[in-house]
2 protein chains.
Amino acid sequence: MSTEKLTTEIRKEQIAQVAFGLIATHGIKKLSMGRVARTIGLVPSALYRHFASKDEILDAVLDLIGDRLLENVKAVCEQSTDALERLNLLLKLHIIFIRENQGAIRVVFSEDAHADNPARRRRLYDMIQRYLAKIAEIVAQGQEQGVIRPDVEPATVSMMFLGMIQPAAILWQMSDGAFDVTKHGEKAWKLFHDAIQAKVGPCDGTHDSARRN
Amino acid sequence: MSTEKLTTEIRKEQIAQVAFGLIATHGIKKLSMGRVARTIGLVPSALYRHFASKDEILDAVLDLIGDRLLENVKAVCEQSTDALERLNLLLKLHIIFIRENQGAIRVVFSEDAHADNPARRRRLYDMIQRYLAKIAEIVAQGQEQGVIRPDVEPATVSMMFLGMIQPAAILWQMSDGAFDVTKHGEKAWKLFHDAIQAKVGPCDGTHDSARRN
DNA sequence: CTCCTTTGTGAATGCCTATTCACACTATAG
DNA sequence: CTATAGTGTGAATAGGCATTCACAAAGGAG
């Protein structure tokens, strides 16, 4: 009874946010119209005043995630100009994002999100590719700066960048937080950093990040 | 009518295999008792003669996957004694496994597989950890052999090993095969190889795998 | 103030699902 | 041959789900 009436713009935003939150905490499988509605204080059918279907709500949630990823890239680019430092910062931001929104990222890589829906699959694929392209851009720029070895494809590097975090994130969630993503991120970064950095000089033996432990 | 009667041992095997195949092709979301039964030529209720629940069938499928992963490790250990070569072979086997069984691996990392079921979550976590431990073993042995740099933790390396493939596998599936996992695997391996190999001599400039392209 | 559009309600519908159960068949042990 | 345990059948149950629809309230435009 008597939930206050809000304009559809506000409601759409609210619904997407709530759906995002529910996915982050309970997983996408548990996301139902009823649950979203109840969380807001509405009745399920009310959601259809603002979204035509559950699919549309999911699309809105995915947009939220995609935007956030690109925001992270933008943030690190403003914070530093050195490519390696940018990547390191981005890694940290990504991990923070994961930790703050448990299951959220998994949705992007999850099957449910696009099981039957080919249109959404394409959208998701594009979203990930866009993120990867931004990372590759940073890498390419690092190669021009001479801080990243020139004999690797930026696309490969960006893919491995993702690989530094994503499986770890899953393990973190699987283990109920026992597995330490942050720690892993730091260790993985050292290895990754060494792998992609330009050899310093022709051969001067310098390897400042290859110190023990 | 009249599907021949088989012993429960054979049926269990058959059901697990069929369920695995269905997951690989249609994804776990589409896996239903009805579908499994129909594929075999049975009626849904017949499955309950051999498994107490759908969950038990899923467990059997996960065992299939886990076994296969460990088999891969065993195979590469028999095929070579050099740690780096073993890892390279394992990478290739893993990619083949992915290509042959599309969605199968995703299940292990997928949320559906353990959304509510904490027992299975633990089983899956253990399964992955076992696989990672085996890889870490190879790494540690490579460090003793002197072919892998000693200043990295084997656990970190094994995690990154997984990271070389898993996100790529997802992209491959998302893109309907457009994204080339095999190619990515090769390029990523070069980078990974350089990252973990022991420095050759104090400083002789040798970097045989750091050639362009 | 009144009308009409927008937003919220509650019940109903229809689909898909896992699971159960009484029954039927069949092979084999005795 | 016959009883019995093991296996397959078909119908029925029950729960969850997205979605629809006729109706109610609310609030701004005129």
Side-chain angles (χ1 to χ4, degrees), chain A residues 1-20 22-23 26-62 107 110-117 119-120, chain B residues 1-20 22-23 26-62 107 110-117 119-120:
Chain A
M1 32 207 259
S2 79
T3 305
E4 70 175 323
K5 284 170 81 168
L6 296 177
T7 91
T8 191
E9 277 180 33
I10 295 180
R11 276 281 187 241
K12 278 182 95 158
E13 186 63 25
Q14 187 186 22
I15 291 170
Q17 287 288 353
V18 164
F20 175 79
L22 285 176
I23 289 176
H26 300 300
I28 197 176
K29 206 181 167 190
K30 295 276 191 181
L31 186 78
S32 70
M33 298 297 271
R35 213 180 261 260
V36 172
R38 213 173 326 116
T39 306
I40 295 180
L42 284 179
V43 95
S45 56
L47 301 181
Y48 290 87
R49 292 282 172 220
H50 313 288
F51 289 95
S53 66
K54 185 183 174 182
D55 266 356
E56 270 194 10
I57 295 180
L58 255 182
D59 282 341
V61 171
L62 294 177
V107 176
S110 152
E111 168 192 324
D112 316 72
H114 55 267
D116 10 71
N117 195 325
R120 172 170 317 119
Chain B
M1 11 145 164
S2 77
T3 305
E4 69 176 322
K5 286 171 78 166
L6 296 176
T7 91
T8 191
E9 278 181 33
I10 295 179
R11 276 280 188 244
K12 279 182 94 155
E13 187 63 26
Q14 187 186 22
I15 291 170
Q17 287 289 353
V18 163
F20 174 80
L22 286 176
I23 289 176
H26 300 300
I28 196 176
K29 205 181 167 192
K30 297 274 190 182
L31 187 78
S32 71
M33 298 298 270
R35 213 179 262 259
V36 172
R38 213 172 327 116
T39 306
I40 296 179
L42 284 180
V43 94
S45 56
L47 301 181
Y48 291 86
R49 293 283 172 218
H50 312 287
F51 289 94
S53 66
K54 184 183 176 184
D55 266 356
E56 270 195 11
I57 295 180
L58 255 183
D59 282 341
V61 172
L62 294 177
V107 176
S110 152
E111 167 193 324
D112 319 71
H114 56 267
D116 10 71
N117 194 325
R120 175 171 315 121

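Every value quoted in this text rests on a predicted model; they were computed, and no experiment measured them. Letters go in sequence order (proteins before strands), and every chain restarts at 1.
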Quick one: does B/Val61's side chain get under 4.5 Å of B/Val107's, heavy atoms only? no
Are B/Arg35 and B/His26 packed together at the side-chain level, in the sense that at least one heavy-atom pair is separated by less than 4.5 angstrom? yes
Residues A/Val18 and A/Val36: closest non-hydrogen pair is CG1-O, 4.1 Å
For C/dG8 and A/His50 - does any side-chain N or O of the residue sit under 4.0 Å from the phosphate oxygens OP1/OP2? yes
What's the NZ-C1' distance between B/Lys12 and D/dT7, to the nearest Å? 14 Å
What nucleotide among C/dG8, C/dT7, D/dT7 has an atom nearest to a side-chain atom of A/Leu42? C/dG8
Taking all non-hydrogen atoms of both residues into account, name the closest pair between A/Ile57 and A/Ala19 and its distance. CG2-CB, 3.8 Å
Return the nearest nucleotide to the side chain of A/Val43; candidates are D/dT9, C/dT9, D/dT7. C/dT9
What's the CD1-P distance between B/Ile40 and D/dT7, to the nearest Å? 14 Å
Distance, rounded to the nearest Å, where A/Ile57 contributes CD1 and D/dC17 contributes P: 14 Å
Please give, in whole Å, the distance from D/dT7 C1' to B/Phe51 CZ? 15 Å
Review item, nucleotides 18-22 of chain C N/O atoms under 3.5 Å of protein N/O:
| residue | atom | partner | partner atom | Å |
| --- | --- | --- | --- | --- |
| C/dA18 | OP1 | B/Met33 | N | 3.3 |
| C/dA18 | OP1 | B/Lys54 | NZ | 3.0 |
| C/dA18 | OP2 | B/Met33 | N | 3.0 |
| C/dT19 | OP2 | B/Tyr48 | OH | 2.8 |
| C/dT19 | OP2 | B/Lys54 | N | 2.9 |
| C/dT19 | O5' | B/Tyr48 | OH | 3.3 |

One should read off an interatomic distance between B/Ile15 CD1 and B/Met33 CE, to the nearest 0.5 angstrom, of 8.0 Å
Rounded interatomic separation in angstrom, taking CZ from B/Arg38 and P from D/dG8: 17 Å
Of all the heavy-atom pairs spanning B/Ala60 and B/Ala16, show the shortest one and how long it is. CB-CB, 3.9 Å
